[in-house]
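See structure below.
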Amino acid sequence: MSQLLLSRARLRRDAPAGALWPLLVPAGPDSGRVEAAHRLVWSLFADVPERRRDFLWREAAPGIFYLLSARRPEDRHGLFDIDPPKVFAPLLNPGDRLAFSLRANATVARGGGPGRRGKPVDVVMDALYRVPPGPERAAQRAEAVQAAGRSWLVRQGERAGFRASAETVRVLGHRVLRLARRDGDPARLGVIDLEGALEVTDPSSFLAAVACGFGRAKAFGCGLMLIRRMGKARA
């Protein structure tokens with residue numbers, strides 16, 4: 001795995017970026033801000049027209065972004081203040097406990113027949129579809145959101161070198177974005193925010209998974225897991 005860099009980029013408030021702030025960080029629906037942020041962050045890495053995405057990003061607050069990349073971000077337009085990138089190479093051992101925060105487009109395959117791959121469906125919407133109508137629907141919906149998000153992360157850990165449980169994972173929120181597409185028909189994108197604690201079981205697999213990102217829609221600010229050390233898990 002090539003060396004990775006972790007950076008923080010803050011959109012400047014002084015001129016000229018300050019004058020453009022309403023356009024660069026639009027108020028209103030989340031969808032508009034995600035699309036604007038997608039273009040902003042891409043400007044830090046689009047050095048040649050044919051460049052493919054080799055970075056992950058996450059909006060921490062309006063105009064503030066965390067970046068995990070194989071290349072240094074370059075502010076060619078004078079829009080950002082960028083902290084000096086830090087090499088992302090944590091030394092992990094089996095049993096290490098980490099606090100994490102993750103924004104993800106979490107999906108599950110549905111509708112595939114024999115020998116056919118199913119269509120990716122947002123795990124939360126898939127779970128909510130199964131909640132029956134009735135006076136307790138609101139409470140059942142809240143429980144379904146928590147259960148769907150936790151189960152998805154547990155499954156991720158089974159193939160990505162970490163262990164998580166329903167007791168150590170919290171779903172902070174879920175929303176559906178409507179993103180413009182070239183054909184004019186908007187795409188619906190489910191975004192879930194999770195946080196909690198995990199235990200590393202295979203450091204090499206875990207770090208490779210963090211480098212690649214979790215879930216789908218990584219171009220739109222999903223998939224970057226932020227981690228910090230908590231100490232050794234008890235036997």
Within the distance-only criterion (no hydrogens, no angle test), does the side chain of T201 pair as donor or acceptor with the backbone N or O of G161 below 3.5 angstrom? yes

Do you know which two heavy atoms are closest between [X] and [Y], and how far apart they sit?
| X | Y | result |
| --- | --- | --- |
| L56 | C212 | CD2-O, 3.9 Å |
| F45 | R72 | CE2-C, 4.3 Å |
| A19 | P22 | O-CD, 3.8 Å |
| A197 | M230 | CB-SD, 3.7 Å |
| V123 | A148 | O-CB, 3.7 Å |

Carboxylate-amine/guanidinium proximity below 4.0 Å for [X] and [Y]:
| X | Y | value |
| --- | --- | --- |
| R33 | E59 | yes |
| E199 | R97 | no |
| D122 | R188 | no |
| R103 | D193 | yes |
| D81 | R8 | no |

Under 4.5 Å between side-chain heavy atoms, hopping through other hydrophobics if needed: is there a path connecting [X] to [Y]?
| X | Y | value |
| --- | --- | --- |
| F100 | L172 | no |
| F55 | F220 | no |
| W57 | V191 | no |
| L98 | L194 | yes |
| L189 | V145 | no |

Does R53 make a cation-pi contact with W42, if we ask for NZ or CZ under 6.0 Å from the ring centre and within 45° of the axis? no

To the nearest 0.5 Å, what is the distance between [atom1] ([X]) and [atom2] ([Y])?
| X | Y | atom1 | atom2 | result |
| --- | --- | --- | --- | --- |
| L4 | D54 | CG | CG | 9.5 Å |
| R150 | Q146 | CZ | CD | 4.5 Å |
| S165 | E167 | OG | CD | 4.5 Å |
| R12 | D14 | CZ | CG | 4.0 Å |

Tracing side-chain contacts under 4.5 Å among Ile, Leu, Val, Met, Phe, Trp and Tyr outward from V154 reaches none

Tracing side-chain links under 4.5 Å among I, L, V, M, F, W and Y, which residues wind up in one group with I64? none

Does [X] [atom1] have over 12 foreign heavy atoms under 6.0 Å away?
| X | atom1 | value |
| --- | --- | --- |
| F88 | CZ | yes |
| L91 | CG | no |
| R178 | CZ | no |

Is [Y] close to [X] at the side-chain level, that is, under 4.5 Å between some pair of heavy atoms?
| X | Y | result |
| --- | --- | --- |
| L153 | L102 | yes |
| V87 | L5 | yes |
| E158 | R163 | no |
| V121 | T107 | no |
| R76 | S43 | no |
| V108 | P120 | no |
| W152 | V124 | no |
| L67 | L44 | yes |

Would you call the rings of F162 and F206 parallel, tilted or perpendicular, taking 30° and 60° as the class edges? perpendicular

Is a donor from one side chain sitting under 3.5 angstrom from an acceptor on the other, for S101 and R58? yes

Using the rule given for side-chain contact (heavy atoms from CB on, under 4.5 Å), can you reason through R10 versus D83, listing the C-alpha separation, both sets of side-chain angles and the distance that settles it, and then say yes or no? CA-CA 8 Å; R10 293 169 292 171; D83 296 343; 3.1 Å; yes

